[in-house]
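Throughout, protein chains are lettered first and strands after them, A, B, ... in sequence-line order, and every chain is numbered starting at 1.
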Amino acid sequence: MMKMHLVQRRKWVSNPMANVLEAQNISVQFGGLLAVNNVTFNIPNKSIVSLIGPNGAGKTTFFNVLTGLYKPSAGKIVYGDREITDLPPHKIAEIGIARTFQNIRLFGLMTAQENLLVAMHSHLKAGITSTILRTPKQRKEEREAEAKAQEILDFAGVGKWTHEFARNLSYGDQRRLEVARALALNPKVLLLDEPTAGMNAQESQVFIDFINKLVSERDIAVMLIEHDMKVVMALSQRITVLDQGEKIAEGSPDEIKNNPRVIEAYLGKPKGARK
Amino acid sequence: MAKTSVSNNVTRSNRKWIIGYSIAGLILFITYQFLIPWEGLPLGIYDAVYQWMPPSAINESLVYVIMALGLNIVVGYAGLLDLGYVAFWAIGGYCAGWFMSEFFYFLNIHFLGSVPAEAPGIHINFWMVLLIGGFVCALFGILIGAPTLRLKSDYLALVTLGFGEIIPQVFFNGENFFGFNISNGTKGIVRVDPIPVGVKDLGPFDFGWKLLIFLLLTAVMVFISLRLRRGRLGRAWLAIREDELAASMMGVPLMRTKLASYAVGAFAGGLGGVAFATHVDGVYAERFNFTISIFLLAMVVLGGMGNVWGVILGAFILSWVNGNGLTAFGQFYNDRFGTEVDFASFTFLLFGLVLILMMLFKREGLLPESRLKLMLHEDELDDEDASGSKKKVGK
């Protein structure tokens with residue numbers, strides 16, 4: 001009884017107002033291995049863009065570069081009007097680039113609320129002394145943060161698990177909680193690494209609706225790494241394909257679907273074909 | 001639903017401990033200050049108390065409690081293995097030696113001290129020296145931490161081990177530290193100033209009153225630990241303990257947060273060091289050896305990492321066994337059975353045995369933090385129904 005949802009696809013204007021994040025000519029080298037080779041990738045404001053490619057194409061490495069975990073061996077990353085290539089990960093998170101992980105990395109022995117409050121760390125101000133003395137200012141800050149955390153938990157559909165340990169949540173709820181935690185950073189760019197991995201078709205559909213709602217209600221751009229083509233096609237305004245560290249195609253879902261190089265990368269060359 | 005209540009307990013603030021702690025502390029204080037010296041007390045009880053739990057032993061235990069609580073912030077909260085914590089104890093101790101004794105005999109600096117103004121040396125008020133010791137240690141914590149905290153677990157442990165060896169050695173050979181005498185070397189600094197408490201000055205034998213002071217310091221550390229754990233910093237520590245990479249990706253600055261745990265932990269080491277100097281009425285370099293670091297770590301692990309009450313219990317039991325319990329038991333046993341077994345020499349055999357047994361049967365410690373308990377016990381559950389029927393999420 002799967003109902004087909006009509007997914008509204010926002011128009012991706014070929015001349016966007018501005019890019020919130022621009023990664024220019026990024027290369028990442030691990031010893032002799034060129035994991036990412038001269039990839040340029042822009043994320044327009046309030047857009048949903050995807051990065052796909054076969055396993056080992058360098059997608060997650062590219063993510064790790066954007067979030068500051070790896071430093072690119074060449075190229076630069078510009079966020080708004082600021083270059084962030086050399087910022088440490090926590091700074092990049094603080095200024096508004098949040099991510100989730102391919103294999104869920106919640107703080108399992110902390111409650112859902114605490115998970116979100118950790119993400120708010122950089123936006124809260126209380127220091128050692130004000131925490132020990134529990135000053136009125138600190139208490140007010142905590143109260144407001146808790147209220148905001150609850151709001152985000154509700155928004156993400158895990159509002160009833162506020163005081164539950166993250167590890168006790170069901171798989172789908174953990175995925176949602178991870179997105180909620182990323183949202184607690186109040187990001188302008190949300191990077192989702194295979195968010196629907198392990199979800200069934202119905203859960204994926206709920207997730208698609210959630211991301212659409214997110215982008216329409218908030219000032220946020222989403223970048224996806226995803227293997228589930230249904231999700232990718234339903235959500236993305238633009239798709240970029242990586243293969244062996246190189247960008248081999250970029251365009252609208254329809255363009256990508258019919259691109260021979262993409263088909264080749266995924267399915268291999270037709271038998272007998274030689275270059 | 002049982003689980004929900006567990007997690008609720010973790011996050012809810014609980015101020016009831018102050019009442020319980022005050023009552024227990026007062027009972028302890030009244031017992032030792034008034035009841036035991038009371039002449040009407042039957043001699044049997046008096047002897048038993050002095051055999052099993054003399055006032056000096058209980059005070060010494062409390063000093064260990066203070067320091068174990070500090071180490072708990074580093075090891076239990078932030079999950080950083082520190083094998084050199086004794087360094088902070090030493091620095092705290094020497095702060096007491098420098099600022100409240102006649103060690104710097106060529107100086108004559110007094111500030112609300114408890115000795116006559118003509119006494120040579122630096123004599124600063126005990127309560128201020130406590131703060132000085134705490135902050136000097138916090139500073140050293142940051143100095144030691146800054147280059148080392150970039151390292152990951154095992155390497156960090158090794159480097160802290162190094163610092164834990166270096167700093168006591170510096171004091172041990174401190175009679176000629178680039179031409180200056182900073183520690184009197186092996187002779188140590190003997191006699192520190194009494195503690196002024198307004199009505200009187202507490203010398204080395206005012207055990208009862210000093211017990212009260214040590215109880216107060218312990219309470220301060222408990223208070224700091226509990227408050228910090230529930231706040232912004234405590235959450236960041238726990239997050240680092242859980243998953244360092246995810247924490248940094250969520251905007252937690254790793255270095256600063258870890259340094260903060262080092263600084264707070266070291267602060268407690270400083271308090272403990274100053275307290276210990278007044279307890280033994282001096283500072284002796286040979287006291288600060290590596291075994292103390294391990295001993296403190298064992299207290300934290302045995303008692304229950306991350307839970308202040310567990311740590312207090314662990315510290316109390318271990319320091320009592322080490323200081324007095326085993327000797328008393330040996331005396332008791334030998335008297336009873338006419339043997340001549342030297343029980344005190346089996347201390348470390350016993351510790352080793354206890355640690356092995358604990359790790360085998362009660363890994364989470366005597367009074368574990370509920371989070372850790374959950375983790376360790378769910379691992380067991382996972383092992384049991386590995387068949388795949390793991391559907392016990394409280395939906």
Worksheet item: Tell me, side chain or backbone of B/Ala263 under 4.5 Å from chain A's heavy atoms, or both, or neither?
Response: neither
Worksheet entry | Straight-line distance of B/Leu245 CG to A/Thr67 OG1, nearest 0.5 Å | 8.5 Å
Discussion item. Given heavy-atom pairs under 4.5 angstrom as the criterion, report whether the side chain, backbone, both or neither of A/Ala119 touches chain B.
Written reply: both
Worksheet item: Are any of the side-chain heavy atoms of B/Met249 and A/Phe101 separated by less than 4.5 Å?
Response: yes
Discussion item. Counting only non-hydrogen atoms closer than 4.5 Å, does A/Leu185 touch chain B with its backbone (N, CA, C, O), its side chain (CB onward), both, or neither?
Written reply: side chain
Worksheet item: Of all of A/Ile95, A/Thr162, A/Ile132, which one pairs up most often with chain B through heavy atoms under 4.5 Å apart?
Response: A/Ile132
Fill in: B/Glu242 side chain near A/Arg105 side chain, heavy-atom distance below 4.5 Å
no
Fill in: 4.5 Å side-chain heavy-atom contact, B/Met250 and A/Leu116
no
Worksheet item: Between A/Phe107 and B/Asp243, is any pair of side-chain heavy atoms under 4.5 Å apart?
Response: yes
Discussion item. Counting neighbours of NZ on A/Lys137 that are heavy atoms of other residues, nucleotides or ligands and sit closer than 6.0 Å, is the number greater than 12?
Written reply: no
Worksheet entry | Contact check, side chains of A/His121 and B/Arg232, non-hydrogen atoms, under 4.5 Å | yes
Item to complete: Report the distance from atom OG1 of B/Thr257 to atom NE2 of A/His90, rounding to the nearest 0.5 Å.
Response: 8.0 Å
Discussion item. Counting only non-hydrogen atoms closer than 4.5 Å, does A/Lys91 touch chain B with its backbone (N, CA, C, O), its side chain (CB onward), both, or neither?
Written reply: neither
Worksheet item: A/Leu117 versus B/Arg235: any side-chain heavy-atom pair under 4.5 Å?
Response: yes
Practice prompt. Can you measure from CG (A/Leu133) to CZ (B/Phe223) and round to the nearest 0.5 angstrom?
Written response: 7.5 Å
Worksheet entry | A/Phe63 atom CZ: more than 12 heavy-atom contacts under 6.0 Å | yes
Worksheet item: Under 6.0 Å from the CZ atom of A/Phe30, do we count more than 12 heavy atoms belonging to anything else shown?
Response: yes
Fill in: Shortest non-hydrogen contact from A/Ser122 toward B/Gly251
CB-O, 3.7 Å
Response to the item:
Closest non-hydrogen contact found for A/Ala93 with B/Ser248 is CB-O, 4.4 Å
Worksheet item: Nearest heavy-atom pair of B/Leu233 and A/Ile128: which atoms, and what distance?
Response: CD2-CG1, 3.5 Å
Worksheet, complete the sentence: Of all heavy-atom pairs linking B/Gly231 and A/Thr131, the shortest is CA-CG2, 3.7 Å
